[in-house]
J.: 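Quick one: the structure is below, questions incoming.
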Amino acid sequence: MKAPFLKKAPRAALYAYVAVTAVLVVFPVVYAAVGAFQTVPGSGGLGRWGLENFATALERAPLLRQGLNSAVVTLAQTGLQLLTAILAAYALVFGNLKRPSLWFGIFLVTLMIPGETNVVANYLTIRSMGLFDTLLAVFIPFGASGYAIFLLRQAFLNFPREIHEAAILDGTSPLGFLFRFLVPLCRPALMTVALTSAIGAWNGYMWPLIVTESPEMRTVQVGVSSLADEASVDIGSVLAGLILVSIPTILLVIFGQKFLAKGLTQGAGK
């Protein structure tokens, strides 16, 4: 018979692992929040609490204007990715294409190519089209997503064929079936695509930094990084800026987590 402590050892190790992981995940968030609201250090190591760091961050960089730019980019990029993914996934599953697996494989190949390899080609294209330093240049190259097409294709494969056949026999057009039946019944997968696309668009940094130059055209992620580029870095204002730009992402995850769980498992059956 095993000793009692040997029976409890695996559970204790699991709790210890979860506790360490939680600390590693939560600590940066707590540090940023404390540093954002703590202003003047005191003799005991603590500081005075207030909103001065947030005011300083907004003064040093046009974060409000850049936040509006990020919102426009996020809405446009998410809408384009959602539209192209819906149409492509519909064509792959219900479009009677020849060799649909071949077309699907082409979309999957795009997931295996690092995005950095396309930067030079996209940059030269944007320059040649005269779109440099515009919001259009930020989201146009990301108007379609292989990952979004993959998720919706898997969800559409699980859609009952009986409903599709009945709708076609009833005289419903392909677009009518798509928007009256398929889209409403696959809402969790669509919400998952929208959420992942929106989070990726909002958190974009490298590409907006490359194709924009003026502060008025840059997104908020680039604007926050400029707070740390000054000769004398104000850590408090940098952390305050990080808190401000993190709020939309946190809200998206909180209110969309149930759709994320359902959407990611909706196509798991096939």
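For reference, positions follow the sequence shown, starting with 1.
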J.: Rounded to the nearest 0.5 Å, how far does CG of Leu239 lie from CZ of Phe37?
T.: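 Reported value, rounded in 0.5 Å steps: 11.0 Å.
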J.: Do Val29 and Ile243 sit in one hydrophobic cluster, given that two such residues count as connected whenever their side-chain heavy atoms are within less than 4.5 Å of each other, even indirectly?
T.: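 Different clusters.
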J.: So, the side chain of Arg218 versus the backbone of Thr212: is there a donor-acceptor pair under 3.5 Å, distance only?
T.: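 Checked: pair present.
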J.: Measure the OG1-CG distance between Thr78 and Leu83 for me, rounded to the nearest 0.5 Å.
T.: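 Interatomic distance, Thr78 OG1 to Leu83 CG, rounded to 0.5 Å: 12.5 Å.
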J.: Distance from Asn69 atom CG to Leu64 atom CG, nearest 0.5 Å?
T.: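 Rounded to the nearest 0.5 Å, the CG-CG separation comes out at 11.0 Å.
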J.: In terms of hydrophobic clusters joined by side-chain contacts under 4.5 Å, are Ile254 and Leu195 together?
T.: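 No, because Ile254 and Leu195 fall into different hydrophobic clusters, even though each may have its own neighbours under 4.5 Å.
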J.: Using every non-hydrogen atom in the two residues, find where Val211 and Tyr123 come nearest and quote the distance to one decimal.
T.: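 Shortest heavy-atom contact: CG1-CD1, 4.3 Å.
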J.: For the residue pair Ala137 and Ile126, what are the closest heavy atoms and their distance?
T.: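 Ala137 and Ile126 have their closest heavy atoms at CB-CG2, 3.5 Å.
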J.: Report whether Leu108 and Val93 are members of the same hydrophobic cluster (ILVMFWY, side-chain heavy atoms less than 4.5 Å apart, transitive linking).
T.: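 Linked, Leu108 and Val93 end up in one cluster.
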J.: Counting distance only, does the side-chain N/O of Asp170 pair as donor-acceptor with the main-chain N or O of Ala166 below 3.5 Å?
T.: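 Such a contact is absent between Asp170 side chain and Ala166 backbone.
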J.: For the atom pair CG (Leu111) and CZ (Phe150), what is the distance rounded to the nearest 0.5 Å?
T.: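 It comes to 8.0 Å.
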J.: Flag the pair Phe94 / Pro174 as yes when at least one side-chain heavy-atom distance between them is below 4.5 Å, and no otherwise.
T.: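 Phe94 vs Pro174: side chains apart.
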J.: Indicate the atoms forming the closest heavy-atom contact of Thr84 with Gly143, along with that distance.
T.: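 Here Thr84 and Gly143 meet closest at OG1-O, 3.1 Å.
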J.: Parallel, tilted or perpendicular for Phe177 and Tyr90, by the 30°/60° rule?
T.: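 Rings of Phe177 and Tyr90: tilted, as their planes differ by 30° to 60°.
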J.: Taking the side chain as everything from C-beta on, heavy atoms only, tell me whether Leu185 gets closer than 4.5 Å to Ile163.
T.: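 Result yes, sub-4.5 Å side-chain heavy-atom pair found.
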J.: Quick check against the 3.5 Å criterion: does Ser197 have a side-chain atom that pairs as donor or acceptor with the backbone of Ala194?
T.: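 No.
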J.: With rounding to the nearest 0.5 angstrom, report the OH to OG1 distance, Tyr147 to Thr192.
T.: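 Answer for the OH-OG1 pair, Tyr147 versus Thr192, is 8.0 Å.
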J.: Spell out, as yes or no, whether a donor-acceptor pair under 3.5 Å connects the side chain of Ser70 to the backbone of Thr219.
T.: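 No, the answer is negative, given that no donor and acceptor are paired below the 3.5 Å cut-off.
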J.: Determine whether more than 12 heavy atoms belonging to other residues, nucleotides or ligands lie under 6.0 Å from atom CE of Met206.
T.: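 Buried by this count: over 12 neighbours within 6.0 Å.
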J.: Arg153 side chain to Ala89 main-chain N or O, any donor-acceptor pair under 3.5 Å?
T.: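 Checking the backbone N and O of Ala89 against the side chain of Arg153, no donor-acceptor pair under 3.5 Å is found.
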J.: With the side chain counted from C-beta on, respond yes when Thr56 and Arg60 share a heavy-atom pair under 4.5 Å apart, and no when they do not.
T.: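 Yes, side chains in contact.
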J.: With heavy-atom distances below 4.5 Å as the criterion, would you say the side chains of Leu58 and Leu244 are in contact?
T.: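 Contact flag for Leu58/Leu244 side chains = yes.
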J.: Donor-acceptor pair, Trp202 side chain versus Val245 backbone, under 3.5 Å?
T.: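 Answer holds: yes.
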J.: Using every non-hydrogen atom in the two residues, find where Ala155 and Ala189 come nearest and quote the distance to one decimal.
T.: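 Heavy-atom minimum between the residues: CB-CB, 3.6 Å.
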J.: Do you know the tightest heavy-atom contact between Ala57 and Leu63?
T.: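 Scanning both residues, the minimum pair turns out to be O-CD1, 3.9 Å.
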J.: Determine whether Phe156 and Phe179 fall in the same hydrophobic cluster, where Ile, Leu, Val, Met, Phe, Trp and Tyr are linked whenever their side-chain heavy atoms lie under 4.5 Å apart.
T.: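 Looking at the clustering, Phe179 is in the same group as Phe156.
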J.: Can you find a pair of side-chain heavy atoms, one from Ile149 and one from Leu92, that are under 4.5 Å apart?
T.: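 They are in side-chain contact.
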J.: Under 6.0 Å between ring centres: does that hold for Phe159 and His164?
T.: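 Phe159 vs His164: aromatic centres not under 6.0 Å.
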J.: Using only atom types and a distance under 3.5 Å, with no angle test, would you say the side chain of Ser225 pairs donor to acceptor with the backbone of Val222?
T.: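 Checking the backbone N and O of Val222 against the side chain of Ser225, a donor-acceptor pair under 3.5 Å is found.
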J.: What pair of heavy atoms forms the shortest contact from Ile86 to Leu178, and how long is it?
T.: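 Heavy-atom minimum between the residues: CG2-CD1, 3.7 Å.
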J.: So, the side chain of Asp133 versus the backbone of Met217: is there a donor-acceptor pair under 3.5 Å, distance only?
T.: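 A pair under 3.5 Å: no.
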J.: With clusters defined by side-chain heavy atoms of hydrophobic residues (ILVMFWY) lying less than 4.5 Å apart, directly or transitively, does Val20 cluster with Tyr31?
T.: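 Tyr31 and Val20: separate clusters.
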J.: Rounded to the nearest 0.5 Å, how far does CD1 of Ile210 lie from CZ of Phe132?
T.: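 Rounded to the nearest 0.5 Å, the CZ-CD1 separation comes to 9.5 Å.
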J.: Can any side-chain N or O of Gln66 pair as donor or acceptor with the backbone N or O of Glu216 at less than 3.5 Å?
T.: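 Side chain of Gln66 to backbone of Glu216: no pair is present.
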J.: Taking the side chain as every heavy atom from C-beta outward, state whether Thr134 and Leu131 have any pair of such atoms under 4.5 Å apart.
T.: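 Side chain of Thr134 against side chain of Leu131, heavy atoms only: contact under 4.5 Å found.
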J.: Indicate whether any N or O donor in one side chain lies under 3.5 Å from an N or O acceptor in the other, for Ser237 and Asn53.
T.: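 The criterion, which ignores hydrogens and geometry beyond distance, is not satisfied for Asn53 and Ser237.
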